[in-house]
Enquirer: 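Structure in structure tokens, see below.
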Protein chains: 2
Amino acid sequence: MARKTGSHSDITGPRVRAAALQLFARDGFAAVSMRQIAAEVGVQAGALYLYTPDKQALLFDLLKAHMDDVLSHWAAEPKGTGPQAALEAFVRFHIRFSLTRAEAVFLSYMELRNLTPEHFAQIEALRRAYEDQLEAILEDGQAAGIFAVPDTKLATMAIIAMLTGVNTWYREGGRLSRDRVEQIYQDMVRRAVQA
Amino acid sequence: MARKTGSHSDITGPRVRAAALQLFARDGFAAVSMRQIAAEVGVQAGALYLYTPDKQALLFDLLKAHMDDVLSHWAAEPKGTGPQAALEAFVRFHIRFSLTRAEAVFLSYMELRNLTPEHFAQIEALRRAYEDQLEAILEDGQAAGIFAVPDTKLATMAIIAMLTGVNTWYREGGRLSRDRVEQIYQDMVRRAVQA
DNA sequence: CTTGGAATTGAACGCGCGTGCAGATACCAC
DNA sequence: GTGGTATCTGCACGCGCGTTCAATTCCAAG
């Protein structure tokens, strides 16, 4: 079995993952059948169980991989010097990354309730770890007297919600370029937290 | 039949609506069966069809009623004088209303894809009408030189996303009171748009 | 060319789904 | 009490679901 041998270790087959991601994002986890995913891959339904123990684990794999992806890419992002630059880097990164991974981002906050409690807790922890990255920046700026934020946790949630919201309306080739959007959001965020 | 006679006109039975709202919000539209809703009401599944033509229309009724509710309550909200006061009123209203109607708000942006295109268009139009209320405030302030917003449409989406995000983390009896949350968000929003 | 394990099929399982409908029941005007 | 109508039950229908598994096909190593 592919699951126990091969060089993929415990990674779900790429073609299966891609199909599942696309369909889950478009129609919702509960509305997509294993047969539909299989058809997209060009295989019979039973063959999917060579790559995942069950449907729910397939969803978890997608969310887990996405969160790992977010965290590792943020870790590798240049952050400049000081809280101001770091905040700007975060805003730019979050918007850019969310737009290039729109389906995964969408899944990650729409389908959490379809995870088992154990899997949910894992994703939740990764999400919190990401939020903590932003909160640390705000705390630094607050300590340095650059930012005036009454509650860093609230400000963190507010900023992330605002940034993630870009996914709901931004369309490639629309009125505003991605660069322009990033710039405007940076201005708004900077003013919202500045001392 | 209740649907064709009675004083309810075409309004779905209140008990059915309440049960559907609660279950759809908790488990998702696709994951809730008509039998579960019926059980919650204390009735057999077939009886639900006295109140709704089908499952999808039940969802639409909930979303439509919510959007009407939002718009009529905002219309009745005192808005003070001038863009600054109006913006504060909007922020306060949106947070307060979203928190008291958490389930409906959640449904309204999670289950849009389960509507028929016609129903979707109706809800979308109401949503845009609501967004236009905020955008008009920003435009007024911009024209008056009170606000400095490069793009009122973008700012509208950013602010609404930020405010609606409160629903994802706020818990009654938590660290921050509702009044305090409203106050902090008002400060952030005001600073984000102020000239 | 043989062989053996990996990959996949195809059929089957039990189940719950949304919905329809004939018949039973509850309720209210007379 | 009787009649009629609003309400609801109980069952049925066809269907697609997630998942399993024996049987088959594929393919590289010997």
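In what follows, chains carry the letters A, B, and so on, assigned in the order in which the sequence lines appear, proteins first and then strands, with residues in each chain numbered from 1.
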Enquirer: Looking at the side chain of A/Val43, which of D/dC8, C/dT9, C/dA7 is the nearest nucleotide?
Expert: C/dT9
Enquirer: Using atom OH of B/Tyr49 as one end and atom P of C/dG20 as the other, report the distance to the nearest whole Å.
Expert: 7 Å
Enquirer: Name the closest nucleotide to the B/Ser33 side chain, picking from C/dC17, C/dA7, C/dT19.
Expert: C/dC17
Enquirer: Can you tell me the distance, in whole Å, between the CG atom of A/Leu48 and the C1' atom of C/dT8?
Expert: 11 Å
Enquirer: Would you say a side-chain N or O of B/Tyr51 is under 4.0 Å from OP1 or OP2 of D/dA6?
Expert: no
Enquirer: Could you walk me through whether B/Arg92 and B/Asp179 pass the salt bridge (charged side-chain N to carboxylate O under 4.0 Å, His left out) check?
Expert: CA-CA 9 Å; B/Arg92 184 186 335 110; B/Asp179 284 350; over 6 Å; no
Enquirer: Can you measure B/Ile37 atom CD1 to D/dC8 atom P for me and round it to whole angstrom units?
Expert: 16 Å
Enquirer: Does a sphere of radius 6.0 Å around CZ in A/Arg113 hold more than 12 heavy atoms from other residues, nucleotides or ligands, not counting ones at 6.0 Å or beyond?
Expert: yes
Enquirer: Expressed as a whole number of angstroms, how long is the span from A/Lys55:NZ to D/dG18:C1'?
Expert: 8 Å
Enquirer: Any idea which heavy atoms bring A/Ala195 and A/Gly145 closest together, and the distance?
Expert: CB-O, 3.5 Å
Enquirer: Can you list the steps and then say if B/Glu182 with B/Val91 is a side chain to side chain contact (heavy atoms under 4.5 Å, CB included)?
Expert: CA-CA 7 Å; B/Glu182 288 170 15; B/Val91 171; 6.0 Å; no
Enquirer: Which pair of heavy atoms, one from B/Leu112 and one from B/Ser108, lies closest together, and at what distance?
Expert: CG-O, 3.3 Å
Enquirer: For A/Asp54 and D/dC17, what is the distance between atoms CG and P respectively, to the nearest whole Å?
Expert: 17 Å
Enquirer: Specify the residue among A/Arg35 and A/Ala47 whose closest nucleotide of DNA chain C lies further upstream toward the 5′ end.
Expert: A/Ala47
Enquirer: Could you check which of D/dC8, C/dT19, D/dT19 has an atom nearest any side-chain atom of B/Leu50?
Expert: D/dC8
Enquirer: Which part of the nucleic acid, if any, lies within contact of A/Gln56, taking any heavy atom under 4.0 Å across all strands shown: a base, the sugar-phosphate backbone alone, or nothing?
Expert: nothing
Enquirer: Nearest to the B/Ala45 side chain among C/dT19, D/dT19, C/dT8, which nucleotide is it?
Expert: C/dT19
Enquirer: In whole Å, what is the span from the CG atom of A/Leu58 to the C1' atom of D/dG18?
Expert: 13 Å
Enquirer: Need to verify one output field. Residue with the more 5' nearest nucleotide on DNA chain D, A/Met34 or B/Gln44?
Expert: B/Gln44
Enquirer: Identify whether any heavy atom of A/Val41 sits under 4.0 Å from a base atom; if not, whether one sits that close to sugar-phosphate; answer base, sugar-phosphate or nothing.
Expert: nothing
Enquirer: Within this structure, what is the CD-to-P distance between B/Gln36 and C/dG16, rounded to whole angstrom?
Expert: 11 Å
